[in-house]
K.L.:
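Quick one: this structure, given as structure tokens, is what I'll be asking you about.
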Amino acid sequence: MITLQGHLERITYYNEENHYTVARLKTDKDQTPVTVTGFMPAVSPGETLKIRGRWETHPKYGRQLKVESFEVVLPVSADEIKKYLESGFINGIGPKIVAALISRYKDRTLEIIEKNPEKLTDVKGIGKVKAAQISNSWREHHALRDIMRFLQENGIATSYSAKIFKEYGNDAVNIIQNDPYCIADIPGIGFYIADRIAQNLGGLKDKPERINACIIHIIEQFVAQGHTFAYEEQILKRCENIFKIERSKTKDAMLYLADAGELVIEKTVGAETGAVYLKSLHEAETGIADRIKAVLSVPIPPLHIDPQQITQEVLRKLAIKLSSEQLNVLQECLSHRAIVITGGPGTGKTTLIRSINTVFELLGKKIMLAAPTGRAARRLSEVTRREANTIHKILGYNFKDGFFNKNQDNPLDADAIIIDEASMVDVYLMFYLLKAISMHCLLILVGDTFQLPSVGPGNVLADIINSKIIKTFELKKIFRQAQGSPIVMNAHRVRAGKMPDLKKDCISENLSEFYFIEQNKPDRAVETIVELCTKRIPKVFNFDCVNDIQVLTPMHKGEAGTANLNQALQKALNPGSALKGGRFNIEDKVMHLKNNYQKEVFNGDIGTIISIDTVNSRLSVDYYGRIVAYDFAETEELSLAYAITVHKSQGSEYPAVIVPIMTQHFALLQRNLLYTAITRGKKLVILVGSKKAINIALKNDRPGNRLSGLANRLIKGPWIGDRGSVGGSAWESNPPETVLAPHTGFEVREPHQ
């Protein structure tokens, strides 16, 4: 490790996203120009830097100093300060104002700007507004460096400095010192980094604030995996094994958090361990159960329409003759306050939705269509030729205040509501939806329970079906037109645990919808996928190589994961100069990664980058004709989308789907994942990988169990309330079982008596 001090001559490369910099430094000692590389936020030509680092030899650019840490050496003399300020890094200071400042304050100029900015107004030409602009610009310029220095002192990667500055601004260091765990919620940073900082700042491992933070973190980990609660014993073990916290202190902390209203702990009589919920999830889960029971308790008035009239109206409006199974379900819709319709591809779920619309319109009823995601809502609108929106939109989410405008006091104006892709609806969203449905509205949930469960916590549709409280129909008959589709037939084979038909292993003149290309090595699989996307599929099927083809992979890591596939596909499909050496190019296919209500873009939305403005550090993405702007610091919310995970594809359909399925994906290979991937393809599905990997997925019909109390609440009611329980009421019942979606074996489930 060496230390060099010198004058920053020029910056040859700077990444706005993470502040990675390549610059030329002219050393004070012998004026030798040196190339320095590393994370250096807010440095400007003309500044004097003191840099600690190590020499490295780049194969192309030669000897470079890799920066480990740096500090700005502020000038001392009036002449040096004048040159420093004239470099232009502070907004609002031109040559005339610099000259006036130096004339007034001489070598105290920088001290005045930093510590006594109110005195700037004593200089001719500087008013209150200009003084505030100069002061803020100075603070912002140095705040990033302060954050970087703070992270270095605590052994944390300085690449996080931009995210922290965006979240907390100029006072970031003070905020973190007062509450290190506040940064745990910043995407990409997480709890462990926050905990390390807390320990470095002198936090004891048994300090109450740390124990509380550890408990909340563990429960949030369970929620991130889809659970609605964690058992007390699980939390006690993890706190003991991971964070070295005594069990008695963890128990005390859980009781404290329950009394403080952050957690709810529920136990059955005589049970040694209880279920520990975040308060918001407990409210959502109990709220769903209470609301469903309340809705079902309201009598439904008879709707006078006979089967023949239904059949004739559907035939007249849709040119569709309903099967006896479909007609039966349609009639049942008119006599139940709520029903569930489930079934695999080709079984007529969409036809039923269209028919229900037609019959309700005949009866003069107002019907509302919605789905969990924008992609699913657009698809629903296309197939029904009626308006369909996201659940968030119909509920009127207000991003400024962070709540839904529609609720029990301001319910949705509809006689019936159909929710498609209901298996994707998590506990939170179902809670807010049910709160906004009036007691006289019909609720129809439509979904395929064999698909992957919701990304968010809970297993809502499966829990509702398992509770038997709502009448449920599974459509089993595959219609004749669907029977001719290899995609549909192979999806049902996978659903039943059977090997799909893998006979077609090459794309030839004898075209089909379903292919298997055997590649046992991941690198060869990647090469095959790139060739399919760039040459073979566009040439043979005339599909657009970017917009019509979607690669779906089980995981992010590995050669056949999203990260590597996206790099390979970006290079092949959209080569060019990336964003200052960053991840994105103009015309890149990108996906938004989390719900952003302010921008009105949601987890899984796919768009195209249409502009990159390096001057103002912004890029714009076109989402289905709607343009959304991002600051460079916000691009953590975006990822390349040439290849996405199967989980992210839920609710979508694509003309062509390519699915790499390798034994390297072993940890995530399961039957419902393969089934979900296959059912995303409308016209073409190509599996690239090994038969062994397919066999692994088919045999793994034990998808990760989700801890959920909803089914139990629907059947029996809440557990006995312990600490923090809503209302404090006590009910005797069994603890909820881990519930999995039923895959087969039922057609009509009568409501639970």
K.L.:
Using side-chain contact (heavy atoms from CB on, under 4.5 Å), reason through I341 and V329 one step at a time and then give a plain yes or no.
P.N.:
CA-CA 8 Å; I341 301 171; V329 176; 3.8 Å; yes
K.L.:
Please report the closest heavy-atom contact between A194 and P180, naming both atoms and the distance.
P.N.:
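Closest approach of A194 to P180: CB-O, 3.4 Å.
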K.L.:
For T679 versus A491, what's the shortest heavy-atom pair and its separation?
P.N.:
CG2-CB, 3.7 Å
K.L.:
Is the shortest side-chain N to carboxylate O distance from K251 to E246 below 4.0 Å?
P.N.:
no
K.L.:
Can you find a pair of side-chain heavy atoms, one from V295 and one from M439, that are under 4.5 Å apart?
P.N.:
yes
K.L.:
Taking the side chain as C-beta and beyond, is there a heavy-atom pair between R671 and K699 under 4.5 Å?
P.N.:
no
K.L.:
Any side-chain heavy-atom pair from E283 and V264 closer than 4.5 angstrom?
P.N.:
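Not touching, per the 4.5 Å side-chain cut-off.
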K.L.:
Please examine the side chains of L669 and P554, heavy atoms only from C-beta on, and report whether any two atoms are closer than 4.5 Å.
P.N.:
yes
K.L.:
Run the numbers on R680 and I678 for side-chain contact (heavy atoms from CB on, under 4.5 Å), then give the verdict.
P.N.:
CA-CA 5 Å; R680 300 309 90 199; I678 291 173; over 6 Å; no
K.L.:
When rounded to the nearest 0.5 angstrom, what is the spacing between CG in N410 and CD in Q408?
P.N.:
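Between atom CG of N410 and atom CD of Q408 there are 10.0 Å.
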K.L.:
List in chain and number order the residues that pass side-chain contact (heavy atoms from CB on, under 4.5 Å) with M368, two or more places apart in sequence or in another chain; answer none if no residue qualifies.
P.N.:
I394, L412, A414, I417
K.L.:
Is any side-chain heavy atom of V551 closer than 4.5 Å to a side-chain heavy atom of P660?
P.N.:
yes
K.L.:
Determine whether a donor-acceptor pair (N or O, by modelled atom type, separation under 3.5 Å) exists between the side chain of K267 and the backbone of A275.
P.N.:
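Between the backbone of A275 and the side chain of K267 there is no qualifying donor-acceptor contact (under 3.5 Å).
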K.L.:
Can we call the ring centroids of H392 and Y432 under 6.0 Å apart?
P.N.:
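When the ring centroids of H392 and Y432 are compared, they turn out to be at least 6.0 Å apart.
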K.L.:
Look at the side chain of D605 and the backbone N and O of V601, then say whether any donor-acceptor pair between them is shorter than 3.5 Å.
P.N.:
no
K.L.:
Could you check, using the six-membered ring where one of them is a Trp, whether H282 and F229 have ring centers closer than 6.0 angstrom?
P.N.:
no
K.L.:
Atom SG in C333, atom CD1 in I418: separation rounded to 0.5 Å?
P.N.:
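CD1 of I418 is found 7.5 Å from SG of C333.
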K.L.:
Is it true that a side-chain atom of Q650 and a backbone atom of L452 form a donor plus acceptor pair closer than 3.5 Å?
P.N.:
yes
K.L.:
So, Q550 side chain and S649 main chain: donor-acceptor pair closer than 3.5 Å or not?
P.N.:
no
K.L.:
Are N212 and Y256 close enough that a side-chain donor and a side-chain acceptor fall under 3.5 Å?
P.N.:
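Side-chain D/A pair, N212 to Y256: absent.
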K.L.:
Show the numbers, then the answer: is there a ring-ring contact (aromatic ring centres under 6.0 Å, His included) between Y675 and H492?
P.N.:
CA-CA 8 Å; Y675 172 78; H492 281 276; 7.2 Å; no
K.L.:
Where do I391 and A370 come nearest, in terms of heavy atoms and distance?
P.N.:
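Heavy atoms of I391 and A370 come nearest at CG1-CB, 4.1 Å.
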K.L.:
Rounded to the nearest 0.5 Å, what's the gap from CD1 on I464 to CG on N459? Could you check?
P.N.:
10.5 Å
K.L.:
Is the backbone N or O of G458 less than 3.5 Å from a side-chain atom of R706, with the two atoms forming a donor-acceptor pair by type?
P.N.:
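Yes; judged by distance alone, with no hydrogens or angles, the pair exists.
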K.L.:
If we ignore hydrogens and angles and just use 3.5 Å, is the side chain of T342 paired with the main-chain N or O of G447 as donor and acceptor?
P.N.:
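Side chain of T342 to backbone of G447, a donor-acceptor pair under 3.5 Å: yes, one is there.
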K.L.:
State, with a plain yes or no, whether a side-chain heavy atom of R238 is found less than 4.5 Å away from one of Q221.
P.N.:
yes
K.L.:
So, F243 versus F191, ring centres under 6.0 angstrom or not?
P.N.:
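Under 6.0 Å, so yes.
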K.L.:
Is it true that R247 and E233 make a salt bridge, defined as a side-chain N closer than 4.0 Å to a carboxylate O?
P.N.:
yes
K.L.:
For a side-chain contact (heavy atoms from CB on, under 4.5 Å) with I235, tell me which candidate from L263, T273, T250 qualifies.
P.N.:
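The passing option is T250.
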K.L.:
List the atom of I469, the atom of K293, and the distance in Å for their closest heavy-atom pair.
P.N.:
CD1-CG, 4.0 Å
K.L.:
State, yes or no, whether a side-chain contact exists between V340 and L461 at a heavy-atom distance under 4.5 Å.
P.N.:
yes
K.L.:
Starting from the C-alpha separation in whole Å, work towards a yes-or-no answer on side-chain contact (heavy atoms from CB on, under 4.5 Å) for I288 and V427.
P.N.:
CA-CA 8 Å; I288 290 172; V427 166; 4.0 Å; yes
K.L.:
Tell me yes or no: between the side chains of S708 and D463, is some donor less than 3.5 Å from an acceptor?
P.N.:
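Yes, D463 and S708 have a side-chain donor paired with an acceptor closer than 3.5 Å.
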K.L.:
Which heavy-atom pair separates V659 from A677 by the least distance, and what is that distance?
P.N.:
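Distance-wise, the nearest heavy atoms are CG2-CB, 3.9 Å.
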K.L.:
Please round to the nearest 0.5 Å and tell me the distance separating atom CD1 of I215 and atom CD1 of I245.
P.N.:
7.0 Å
K.L.:
Please round to the nearest 0.5 Å and tell me the distance separating atom CD of E474 and atom OG1 of T472.
P.N.:
10.0 Å
K.L.:
Quick check for you: to the nearest 0.5 Å, what is the distance between Y428 atom OH and S454 atom OG?
P.N.:
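Reported value, rounded in 0.5 Å steps: 12.0 Å.
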K.L.:
Report the C-alpha distance between R379 and E421 in whole Å, list the side-chain angles of each, state the deciding distance to 0.1 Å, and finish with yes or no for salt bridge (charged side-chain N to carboxylate O under 4.0 Å, His left out).
P.N.:
CA-CA 11 Å; R379 177 173 164 270; E421 298 288 356; 3.5 Å; yes
K.L.:
Would you say the side chain of V494 lies within less than 4.5 Å of the side chain of L698, judging by non-hydrogen atoms?
P.N.:
yes
K.L.:
Check whether E232 reaches the backbone of G274 with its side chain - one donor and one acceptor, N or O, closer than 3.5 Å.
P.N.:
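It does hold such a pair.
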K.L.:
Determine yes or no for a side-chain-to-main-chain donor-acceptor pair under 3.5 angstrom, with N566 supplying the side chain and L640 the backbone.
P.N.:
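At least one qualifying donor-acceptor pair exists.
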K.L.:
For D426 and V455, run side-chain contact (heavy atoms from CB on, under 4.5 Å): C-alpha distance rounded to whole Å, both residues' side-chain angles, the deciding distance at 0.1 Å, then the answer.
P.N.:
CA-CA 7 Å; D426 63 26; V455 175; over 6 Å; no
K.L.:
Over 60° means perpendicular and under 30° means parallel, so classify the ring planes of H227 and F222, tilted if in between.
P.N.:
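Rings of F222 and H227: tilted, 30 to 60°.
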K.L.:
So, Q451 versus T676: side-chain donor-acceptor pair below 3.5 Å or not?
P.N.:
no
K.L.:
Where is the tightest heavy-atom contact between F450 and N672, given as atom of each residue plus distance?
P.N.:
O-CB, 2.9 Å
K.L.:
Just by modelled atom types, is the I437 backbone N or O under 3.5 Å from a matching donor or acceptor in the R291 side chain?
P.N.:
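Judged by distance alone, yes, a pair lies under 3.5 Å.
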K.L.:
With no hydrogens and no angle check, is any side-chain donor or acceptor of T562 less than 3.5 Å from a backbone partner on I644?
P.N.:
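Not at all, since once roles are kept as given, no pair shorter than 3.5 Å links the two residues.
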K.L.:
Going through the checks in order, is the salt bridge (charged side-chain N to carboxylate O under 4.0 Å, His left out) test met by R495 and D448?
P.N.:
CA-CA 11 Å; R495 192 180 193 198; D448 185 347; 3.7 Å; yes
